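Lettering of chains follows the sequences in order, A, B, ..., and the numbering in each one begins at 1. The shown structure was predicted, so the numbers you read here are calculated from the model rather than taken from an experiment.
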Amino acid sequence: MTWIEPSKAIKDFSEISGMIGNAEVRNWQDRKGKVVGYFCSFSPQEIVMAAGMLPFRMRGTGSSGTELADAFFSEVCCTFPRHCFNQALNGEYGFLDGLIVTNGCDHLRHTYENWKNADIGTPFLHMLFRPSRCGEEMAGLYRDNLAILKDELEKHFEVDISDQDLLNAIRLSNRTRKLQRELYELRKAESPPITGAETVSVMVAGTAMPRELYNERLESLLSALDGSERRMDEGSAARLMVIGACNDDPHVCNLIEESGGIVVVDETCFGSRNIWQDMDEGGSDPLGAIAKYYVNERPSCPRILGDHDRRADWIIDAARAFGVDGVVGQALVACDMYASEFYMLKPKLRDAGIPFLQIDAEYVPAFTGQLRTRVQAFIETLG
Amino acid sequence: MSKKETVQKKKKDAEIFKELKEECEAFFAKKEIELMEAMEKADPILGGTNSVIPELCTALGIASWFTAALQLRAIGSEMGPELIDAGTNLLGSNFMCSLQRAGIAMMENDLYPTPTMIVGTNSPCDAVVMLGQMLLNHPPWKEIPRFSLDVPYQKSEERMDYFAGQMREFVSFVEDHSNRKLDMDRLREVCEEANQAYQLMNEFQELKRSLPCPSEWNWGFDAYTIARILAPGTTEATDWVKRLVEAAEIRVKEEKGIDGVDEKIRYVWFDVLPSFSEKLFPRMEKEFGAVLIMDMFAYNPPWTLIDTSSEQEMFRSFARRFQTDDPMVRQAMATMEMYTGDIHRIVHDFSIDAVILPTHRGHKDINAAVKIIRDMCKHIDVPFTTIGCDMFDERFMSVDQIVEKMGIFFESAGLA
C-alpha cells in the first residue's frame, strides 16, 4: 500500500514538527517574542499565551544520543527526558526564555532538578505541581499553583496578564481544539484523507509555533482535505488506534502504515487527549477555568489516581467510533505508569473484543526491524 | 567497672538485642494472625499501598496491611525469585521495581488478604503508585470500596491543610465501610502512646552519633517496622523500642560498638534496605569495619510527634508526618533540597565517612538525581559512590559483587 503524495500544508507542518528550533520559532524570536517550554500536556499553555509568549512543548526530536545527559540520569531512566536533557546540555534548547516542568513522573520531576543544577542558562525555570486526583478541592489547589506561576511569569518577564488576556488565550486554544477535532472527524472516513503519521506531525506542530498562525494553516489544510480526492491508492488497510505517552515522532505510525495498517485515532499526550473537551470561556474566573479543565475536564493520563475506568471507557468508545480493528499501545521503556496502565487496560479491551498489541520502545527509534515484525504479525492477525 | 561487671553488662545488652530480634518475629506473627482472624470472621480489613494513618486502625480495632510489608516478607522467602519472575511475565517487562513486580504476582495469586477497603496514594514512587492503581482495578476486587489520596508536593502550611482535609475524608471512608465510629478520645490515647515510641526512636537515632556506633544495621528499620507498621500506638511497640534504647545505651556507656566489629568506616546507605541485607551488611562490618549508620528508613531528622491538643491539630500532624516524615515519601514528594539536605545533615551529625547510593534499578527517581547528590557530596568532601543493584533480586547483582565494589570504593577513597 502506498499513499498519494501529501499536500504542501502537511509538508509544512512536518517541517515544523521535524526539528526543535524550527523556522516559526526563529521568526517569533526575530520579532523579539519570548518562548517558554513546557514538558507535560497538563501544563497551562493558555497562561503563557496570555503573557504574549510562545508555549513550546518539549521533545527530543533529532536527538541521536544521551552521552551528556547520562551523567545526570542513569540507564534505568526513561529515554524521553534523557534525550531532551541531552539536547539542552548541547545548547539546542538555548532558544528558550523559560521552562515549566510538572511532576508528571519520577523522571520528569528530576528533569527540573537537573535543569536547575546543570547551569543550562534558561532564564526562567518553574516547577508546577499538579494534583494527582480529580476533584473540586484539587482544582482549587491547582488554581493556587497556577496563580503562583502567573505571578512569577509577570515578575520575571515584566508583563501583566489580565483576565481578558487569559480569556483570549482560552478562546484561541479552544479554536485550535475545534479545528483539530474536525481533522480527527475526517479520519472516521472509510478511506481517510490523512495518515496517522501525518496527523502526528500536524498535532506536534501545534505545540511548536504561534497559535494564530497554526490555526490559520490548519484551516487551510482542512479545506484542502475536505472532499479531496486524496485516498489510499490500493487495498483496504487495518484501522488502528495508537495509545501511549509522548508519541511526538511519526515513526511508530509510519511503521504501522508501512505494514498494512492505517492509524485513524490516538489517545496520546501529543494527540487527541488535548482536543475532545473545550475550556470554559464564559466564567468570571479564567484562571479557575484553566485549573478545572486540566484537573477535572480533559481526558486524564495514568498519573491521575482513580481515573483508570474513565480512561478505559474513553479508549473503547473512541475505538468504536472510529471503526478501529485493533489498538497499539506504545510504552516507553522504563515507564512504570504506562506499563501498568496497559496491564490494567488489556482485559478491558479483550472483554470489548478489541485486539491489543503492546510495544515497549525507546524514545528515539531503535530496533525497528523487530518492531516492524511484531506490528506486521499483529496486523495479519486482524485479518 | 570491674571486669566481672563488664562481662555481666555485655551479656545484658546482647541478651536484650537477642530478645528484641525474637520479638520482631512475634510482631509479624501476631499481625498475620490478626489478618487471618479478620478474614475468618469477615471483619473489616484495610489494605493498600500506604499506611496513611497507622494509629487509625489501632484506634478502630480493625486489621490492616500494606503492600510493601507483605512483599518484603514474601520476597525474603524462598518464593521471592519466583514471585519476581511471575510479576515480570504478567507485566511483560522487567524495568519496574522488582518488589512491585512481586506485588503484581501476589495480587494475581491471591497472596494479599482480601481487603474490605483499599487505599492508594500518589506516593512515594511511580511503581508503588501504579501498584496501588492495579489493586484498585484488580477485577476480583472491583466492588471493594476504594480511596485515593493526593499527597501535595509543596511543604507549606496551606498544603498541609489540603492534605489534612483528605485525611479527614479518609477517616470518614474507613468509618463508613467498617461500620465503626471513631472515638476521638481513643484515637488521642493511641496517638499519645505512639508519640512515646516515636520519641524513643528519636532517642535511639541520637545514640548512633556515638563513636563507635552502638547499633547493627537492622535496628532502625526494625523499630520503624514495629512502631509504624506492625503495632502502631500500642504499649507493646513502645516497650520494644524502649528496650532497644536501653540496649544501645549500655553499649554507649561502655564505649563499645557492634560485637566483634572494629568500626573503621561509618557510612550512609541512603535508600531502602535490600532483601539480602542479612548477607550484605554483616560482611561489610566484618571485611571492612564498615558500619551502616543510617539508611532511609532509620534516618534522622527526628519524627515529629502528633499534636493531640485538638482534633484539627491531630489531623495536621497526621498530614505532616506522612508527607514530611515517612521515609521515601519525604524525599519523593519534595524537591531535591530535601534529599540532599538530609544526607548533608546526617554526614555532619553522625560523623559519616562515606555516602553510598545503592541506585536500585527500580528507583527511577534517585537514578535521575545521582549527579546532584554526587556534587553535594563532593562539595562537603565526603566520598560517594553508587552501586546499581537490584535491592530485591540478588540475581541481578550478587552480594559478592556488591562487596567487591565496596572494597574497591573504600580503598580508592582512602578509607580502607
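- Proximity to chain A among residues 130-147 of chain B is limited to B:M130, B:Q133, B:M134, B:N137, B:K142, B:F147, judged by heavy-atom separations below 4.5 angstrom.
- Residue B:D365 holds its CG atom at 9.0 Å from NE2 of A:H107, rounded to the nearest 0.5 Å.
- Remark: side-chain polar atoms of B:D126 are not paired, donor with acceptor, to backbone N or O of A:C105 under 3.5 angstrom.
- Neither the backbone nor the side chain of B:T386 comes within contact range of chain A; no heavy atom of the residue lies under 4.5 Å from a heavy atom of that chain.
- Contacts between A:Y343 and chain B at a heavy-atom distance below 4.5 Å involve the side chain alone, from C-beta outward.
- A:F73 is not listed as a side-chain neighbour of B:N367, based on a closest heavy-atom distance of 4.5 Å or more.
- For A:P81, no part lies under 4.5 angstrom from a heavy atom of chain B.
- The heavy-atom pair separating A:D360 from B:G92 by the smallest distance is OD2-O, 3.9 Å.
- Smallest separation of non-hydrogen atoms from B:F95 and A:L332: CZ-O, 4.2 Å.
- Contacts with chain A were tallied for B:R374, B:E108, B:H363; B:E108 has the most, counting heavy-atom pairs under 4.5 Å.
- Within a 6.0 Å radius of CG in A:D119, no more than 12 heavy atoms belonging to other residues, nucleotides or ligands are found.
- No side-chain donor-acceptor contact under 3.5 Å links A:D336 and B:Q100.
- For A:N114, the parts lying under 4.5 angstrom from a heavy atom of chain B are both the backbone and the side chain.
- Looking at A:M337, the atoms closer than 4.5 Å to chain B (heavy atoms on both sides) sit in the backbone and in the side chain alike.
- Ranked by non-hydrogen atom pairs under 4.5 Å with chain B, the options A:A334, A:G135, A:P131, A:A331 are led by A:A334.
- A:A339 and B:S93 get closest at one heavy-atom pair: CB-OG, 4.2 Å.
- B:Y153 has its side chain within reach of A:R109: a pair of non-hydrogen atoms, C-beta onward, lies under 4.5 Å apart.
- Only the backbone of A:C335 has a heavy atom closer than 4.5 Å to any heavy atom of chain B.
- Atoms CZ and CG, from A:F72 and B:D375 in turn, are 7.5 Å apart once rounded to the nearest 0.5 Å.
- In summary, A:E75 and B:R361 engage in a salt bridge, as defined by a charged side-chain N under 4.0 Å from a carboxylate O.
- Counting heavy atoms from C-beta on, the side chains of B:H360 and A:V76 never come closer than 4.5 Å.
- Using a distance-only test at 3.5 Å, with no hydrogens or angles considered, no donor-acceptor pair links the side chain of A:R133 to the main chain of B:L149.
- Of the listed residues (A:G140, A:C78, A:S132), the one with the most heavy-atom contacts under 4.5 Å to chain B is A:S132.
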Take A:L141 and B:R159 through the side chain to side chain contact (heavy atoms under 4.5 Å, CB included) test and state the conclusion after the steps. CA-CA 8 Å; A:L141 177 87; B:R159 298 298 173 263; 3.2 Å; yes
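- Atom NZ of A:K150 sits in a crowded spot, with more than 12 heavy atoms from other residues, nucleotides or ligands closer than 6.0 Å.
- Atom CZ in A:F342 sits 11.5 Å away from atom CG in B:L91 (nearest 0.5 Å).
- Taken to the nearest 0.5 Å, the CG atom of A:D144 stands 9.0 Å off from the CD atom of B:Q154.
- Considering only heavy atoms from C-beta on, A:H110 stays 4.5 Å or farther from B:K371 through its side chain.
- B:I104 CD1 to A:S340 OG: the interatomic distance, rounded to the nearest 0.5 Å, is 5.5 Å.
- Between A:L305 and B:T121, the closest heavy-atom pair is CD1-C, 3.6 Å.
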